[in-house]
Amino acid sequence: MISPSLLSADFTNLEKEFKIMNEEKVDFVHLDIMDGNYVPNISYGPGIVKSLRPLTDIPFDTHLMIERPENYIEDFKKAGSDIITIHPSTTKHLDRTLSLIKSKGMKAGLALNPADSLEILDYTIENLDLVLVMSVNPGFGGQKFIPSALKKISEVKKIIEERDLNTLIEVDGGVKLENAKEVLEAGADILVAGSAIFERNKTRENIRDFKELL
Ligand code: DX5
Ligand code: ZN
């Protein structure tokens, strides 16, 4: 499955970008929410997400890179988010925040940064719909894929299979047509791609190329 990251889209013409994503039937739209605190960059918030909601029926895959995400779950629900993924160190009570996301009828994801170990999954995986393996340090689009993510993807896959779960694995950061195959082979279900999809004003062609590969 493919989840284009809007961060690299043409923000002066989002209507056009959404028209293409609708016509090319992408699986999700990946929305990167950054607060300038947990990550150095600031992107956009629930207000923008809400204004995008009428442009598509495609599920909104919302990646929160913000401190205290528990304070904004309701806002993103109201804005139309379908999946909310959080980073473990941003919330004091991870289990409570994951439950909160699910209690609002949304799917819950947990993101693992490049230096994060898998231990956190021991007591969370049964409550997760998705594990997001970060293949760059969060904060910016257009960074280079960190190769150790491949090993991590296959280790997460192993945990999911051992426990007989159907948790999805999403991979985010530096995913390009050139490395997508090995990312999928390692066990990824959902590829996030920002610059590789929206760059060079060739959104439609890039989506088609990714879909062919999938
Ligand atoms: C990085 C974000 C990514 C980013 C991916 O913090 O989580 O979703 O937009 O962009 P590319 O595909 O360009 O690495
Ligand atoms: Zn992201």
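One-based numbering, in listed order, for ligands and for the atoms of each.
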Are any non-hydrogen side-chain atoms of [X] and [Y] less than 4.5 angstrom apart?
X	Y	answer
Leu64	Thr90	no
Leu112	Leu121	yes
Val131	Leu168	no
Glu170	His30	yes

Evaluate [X] for polar contact with ligand 1, using N/O atom pairs at a separation under 3.5 Å.
X	value
Lys176	no
Asn137	no
Gly139	yes
Gly194	yes
Met65	no
Gly174	yes
Ser8	no

Of all the N, O or S atoms in [X], which has the shortest distance to the Zn ion (ligand 2)?
X	answer
His63	ND1
Asp32	OD1
Asp172	OD2

Minimum heavy-atom separation for [X] to [Y], with atom names?
X	Y	result
Lys50	Lys78	CE-O, 4.3 Å
Lys211	Ile2	CG-CG2, 4.5 Å
Ile86	Leu98	CD1-CD2, 4.0 Å

Distance under 4.0 Å to a non-hydrogen atom of [X]: what atoms of ligand 1 satisfy this?
X	value
Gly173	14 (O)
His63	7 (O)
Leu7	9 (O)
Asp172	2 (C), 3 (C), 4 (C), 5 (C), 7 (O), 8 (O)
Met34	6 (O)
Ala193	12 (O)
Ser195	11 (P), 12 (O), 13 (O)
Ser5	4 (C), 8 (O), 9 (O)

Are [X] and [Y] within salt-bridge range, i.e. N to O under 4.0 Å?
X	Y	result
Lys92	Glu70	no
Arg208	Glu212	no
Glu15	Lys19	no
Arg53	Asp82	yes

Q) Is there a donor-acceptor pair closer than 3.5 Å between any side-chain N or O of Lys152 and the backbone N or O of Asn113? A)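 Yes, because the side chain of Lys152 sits within donor-acceptor range (under 3.5 Å) of the backbone of Asn113.
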Q.
Quick test: of every protein heavy atom, which one is nearest to atom 1 (C) of ligand 1, and how far off is it to 0.1 Å?
A. Phe140 O, 3.5 Å
Q.
Can you report which non-hydrogen protein atom sits closest to atom 10 (O) of ligand 1, along with the distance?
A.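 Of every protein heavy atom, Gly141 CA, 3.5 Å lies nearest to atom 10 (O) of ligand 1.
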Q: Specify whether His63 and His87 have parallel, tilted or perpendicular ring planes, treating 30° as the upper limit for parallel and 60° as the lower limit for perpendicular.
A: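 Rings of His63 and His87: parallel, as their planes differ by under 30°.
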Q: Would you tell me which option among Thr85, Ile197, Asp32 has the nearest heavy-atom contact to atom 2 (C) of ligand 1?
A: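 Answer by nearest heavy atom: Asp32.
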